[in-house]
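To start, the structure itself, in structure tokens.
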Amino acid sequence: MKIRTRYAPSPTGKMHVGNLRTALYAYLIARHEDGDFLLRIEDTDQERFVEGATEIIYRTMKQAGLVHDEGPDIGGPVGPYVQSERVKSGLYLDYARQLIDRGEAYYCFCSQERLDGLKQVIDGKEVMMYDKHCLSIPREEAEARVRAGEPYVIRQNNPKEGSTSFTDVLYGEIEVDNSELDDMILIKSDGYPTYNFANVVDDHLMGITHVVRGNEYISSTPKYNRLYQAFGWEVPQYIHCPLITDSEHKKLSKRSGDTSFEDLVEHGYLPETVVNFVALLGWSPEDNREIMSLTDLVDCFDYHRISRSPAVFDYQKLSWMNGEYLKAMEPERFAEIAMPFIKKALPSITDADALKKIALMVQSRVELPQQIPDMIAFFDHLPDYDPALYCHKKMKTDEATSLSVLKELLPFLEREDDYTNDAIYQALSGWIGEHGYKNGYVLWPLRIALSGMATTPCGATEILEILGKEESLSRIRKGVALLGGS
RNA sequence: GGCCCCGUGGUCAAGCGGUCAAGACACCACCCUUUCACGGUGGUAACAUGGGUUCGAUUCCCGUCGGGGUCACCA
């Protein structure tokens with residue numbers, strides 16, 4: 001049978017990395033076996049609906065490369081793919097009534113106050129389970145009250161005795177006592193189905209074979225199973241993915257930082273980095289490769305290898321991976337990404353060639369484009385710096401040696417005219433050799449004088465080239481002055 | 001608190017009865033180098049714990065401890 005998976009988000013805001021991974025796994029499972037991947041919008045909560053959130057979902061999926069075969073924007077054979085549109089046909093209510101006919105559900109008229117009275121606080125957490133109060137209302141009476149316009153909900157009627165089990169591909173069989181199952185609401189008083197109910201109905205109607213979702217749904221799955229059984233529907237394969245947590249091992253939330261796909265991209269992480277990284281949180285390929293494109297992932301994704309234990313979202317490794325992608329990138333594409341940052345940091349440099357050279361320098365040493373400005377700002381203007389920078393034990397330099405070297409070097413550099421990197425490096429090497437110095441002994445102080453930085457994305461001669469003769473000489477003179485050489 | 005899930009280095013993560021317990025990030029050292037970075041090389045660092053089962057347990061079973069999830073007219 002052809003595999004059909006779906007990603008079914010609620011349009012309530014930005015797309016969280018946990019959801020992204022769920023979507024990714026659903027996508028990979030389908031694509032790996034030439035199945036279908038659908039997108040369904042679960043907007044049954046009109047209060048939490050956020051304007052524009054659906055667009056964020058489309059945009060994120062597109063950026064991440066998760067192309068769906070059926071969905072609200074492209075249609076398909078089992079539409080509509082937006083639940084609020086499906087509600088209009090009365091389909092959920094019809095199915096809920098079928099359940100009532102079978103004694104698997106019932107009307108409930110309990111007020112919010114009464115429900116609140118059922119709540120109890122345990123360990124500071126509000127816990128509540130419905131007491132089946134309205135189950136005793138005779139069917140005729142309930143229907144009369146409904147006809148009379150009294151507000152009602154429809155609840156699932158779960159048994160108190162016995163147990164219910166379901167099988168998860170990853171976790172195996174999970175069994176719970178029926179006494180644990182709350183009579184959850186299927187149809188809300190506004191006529192909308194709850195997520196739980198709509199999910200089951202739609203997954204069945206849309207022919208979903210593999211339900212991929214977060215681990216947090218595992219405890220409500222028995223109730224889903226009872227629904228499938230009540231309808232006599234085939235139960236899909238369940239694949240509950242392990243949680244992604246913050247460094248405190250708590251479920252990732254807005255509170256833990258910018259963990260939406262959008263935020264990460266805005267911070268300079270490449271979409272392909274995020275996809276790659278998130279794929280490896282809870283799954284690994286047989287050969288343990290780490291840098292993998294989406295197509296690589298499709299090729300070797302075996303959902304049986306998904307882990308059962310939660311994973312911490314580690315920004316450090318994410319950054320490393322981003323650096324790997326940046327380094328492996330075509331220089332042209334990198335330049336495109338880096339250029340805005342370079343230009344911002346170097347308003348005085350307009351020479352396109354020089355800018356391109358700087359981009360090249362920076363490519364192999366940056367993990368996030370946002371790091372670029374600090375790295376190269378010295379090209380624009382010499383920062384104030386501590387003369388202690390001139391001291392370097394391995395180069396055997398200190399402030400005194402640096403002063404004398406720089407003074408010695410000045411007339412030579414004043415004489416030179418070709419400041420292109422190769423030429424000036426050649427010339428300098430010759431000069432260094434003639435004087436019997438070691439490269440670093442001369443080049444270290446020179447680089448410090450030119451940049452005022454302990455670390456730069458390039459060597460001294462590359463800076464000479466970018467800066468040009470005039471600016472270079474001026475900076476060296478400043479260095480001499482700073483070192484007390486007037 | 002009830003129920004459910006999880007438990008290999010700081011983090012990700014191989015392993016699926018017999019391994020000197022991979023690899024990656026991070027960290028440290030060294031090499032290379034006109035600095036840093038990149039790249040090399042090497043190093044520190046783990047099977048939560050107690051019982052079983054077995055000739056032999058990281059691996060299987062049970063308990064304990066620890067962590068997490070869930071208990072809405074939210075998804």
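Because the structure is predicted, anything quoted here is derived from the model rather than measured. Letters A, B, ... mirror the listed sequences (proteins, then strands); counts begin at 1.
A:Arg48 and A:Asp45 are joined by a salt bridge, as a carboxylate oxygen and a charged side-chain nitrogen come within less than 4.0 angstrom of each other. Contact check on A:Glu272 versus A:Arg333 returns a salt bridge, with a Lys/Arg side-chain nitrogen under 4.0 Å from an Asp/Glu carboxylate oxygen.
With no hydrogens or angles considered, a side-chain donor-acceptor pair links A:Asp302 and A:His304 at under 3.5 Å. Side-chain contact of A:Asn196 with A:Tyr217: a donor-acceptor pair under 3.5 Å is absent, judged by distance alone.
No donor-acceptor distance shorter than 3.5 angstrom exists from the side chain of A:Lys357 to the backbone of A:Glu465, with no hydrogens or angles considered. Checking side-chain atoms of A:Arg308 against main-chain N and O of A:Pro242 turns up no donor-acceptor pair under 3.5 Å.
Across B:rC73, B:rC3, B:rU35, the shortest atom-to-atom separation from the side chain of A:Glu180 is found for B:rC3. Here the nucleotide nearest the side chain of A:Glu290, chosen from B:rC36, B:rG23, B:rU35, is B:rG23. In this structure, the nucleotide among B:rC71, B:rA72, B:rC25 sitting nearest to the side chain of A:Trp320 is B:rC25. With distances taken from any side-chain atom of A:Ala311 to the nucleotides B:rA24, B:rU11, B:rC12, the minimum falls on B:rC12. Checking B:rU35, B:rG69, B:rG23 against every side-chain atom of A:Trp444, the shortest atom distance belongs to B:rU35. Distance from the side chain of A:Thr455 is smallest to B:rC36 among B:rC73, B:rC36, B:rG23. Side chain of A:Asp314, nearest nucleotide from B:rC25, B:rC73, B:rU70: B:rC25. Ranking B:rG1, B:rC25, B:rG67 by closeness to the A:His249 side chain, first place goes to B:rG67.
Looking at heavy-atom distances under 4.0 Å, A:Cys108 makes no contact with the nucleic acid at all. Note on A:Asp123: a base of the nucleic acid sits closer than 4.0 angstrom, heavy atoms only. A:Thr44 comes within 4.0 angstrom of sugar-phosphate atoms only, judged by non-hydrogen atoms across all strands, and of no base. Base engagement by A:Thr456 is indicated by at least one non-hydrogen atom pair under 4.0 Å involving a base atom. Across all strands shown, A:Ser309 has heavy atoms under 4.0 Å from sugar-phosphate atoms exclusively, and none from any base. No contact: A:Gly214 has no heavy atom under 4.0 Å from any strand. Residue A:Tyr192 is classed as having no contact, given no heavy-atom separation below 4.0 Å to the nucleic acid. Counting non-hydrogen atoms under 4.0 angstrom, A:Met321 reaches nothing in the nucleic acid. In this structure, A:Leu280 reaches the sugar-phosphate backbone alone: every heavy-atom distance under 4.0 Å involves primed, P, OP1 or OP2 atoms, never a base. Among the heavy atoms of the strands, none lies under 4.0 Å from A:Lys119. Nucleic acid contact class of A:Val312 (heavy atoms, under 4.0 Å, all strands): sugar-phosphate only. A:Val176 comes within contact range of the sugar-phosphate backbone alone, with a heavy-atom separation under 4.0 Å but no base atom that close. Within the 4.0 angstrom heavy-atom criterion, base atoms lie near A:Ala460.
If you measure from atom CD of A:Gln120 to atom P of B:rG2, you get 12 Å, rounded to the nearest angstrom. As rounded to whole Å, 9 Å separates atom C1' of B:rU35 from atom CG of A:Leu443. Protein atom CG of A:Asn322 is 17 Å distant from nucleotide atom C1' of B:rC12, rounded to whole Å. The distance from atom NZ of A:Lys438 to atom C1' of B:rU35 is 17 Å, rounded to the nearest whole Å. Protein atom CD of A:Glu367 is 17 Å distant from nucleotide atom P of B:rC36, rounded to whole Å. The separation between A:Asn288 atom CG and B:rG15 atom P is 8 Å, rounded to whole Å. As rounded to whole Å, 14 Å separates atom C1' of B:rC74 from atom CE of A:Met184. Distance, A:Lys251 NZ to B:rU70 C1': 9 Å, rounded to whole Å.
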Give the intermediate values and the outcome of side chain to side chain donor-acceptor pair (under 3.5 Å) for residues A:Asn215 and A:Tyr171. CA-CA 10 Å; A:Asn215 205 305; A:Tyr171 293 93; 2.5 Å; yes
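Regarding contacts with the backbone of B:rU34, every side-chain N or O of A:Thr461 stays at 4.0 angstrom or more from both OP1 and OP2. Between B:rC6 and A:Arg308, a contact under 4.0 Å exists linking OP1 or OP2 to a side-chain N or O. Within the structure, every side-chain polar atom (N or O) of A:Lys394 is placed at least 4.0 Å from both OP1 and OP2 of B:rU35. Checking the phosphate oxygens (OP1, OP2) of B:rG15, a side-chain nitrogen or oxygen of A:Arg305 falls inside 4.0 Å. The shortest distance between the side-chain N/O atoms of A:Lys250 and the OP1/OP2 oxygens of B:rG68 is below 4.0 Å. In terms of phosphate contacts, A:Ser179 brings no side-chain nitrogen or oxygen within less than 4.0 Å of OP1 or OP2 of B:rC3.
Map A:Arg48 and A:His392 each onto its nearest nucleotide of RNA chain B; the residue landing nearer the 5' end is A:His392.
Atom CD of A:Glu47 has 12 or fewer heavy atoms from other residues, nucleotides or ligands within 6.0 Å.
Both stacking criteria are satisfied for A:Tyr425 over the base of B:rU34: a centre-to-centre distance under 5.5 angstrom and an angle between ring planes under 30 degrees.
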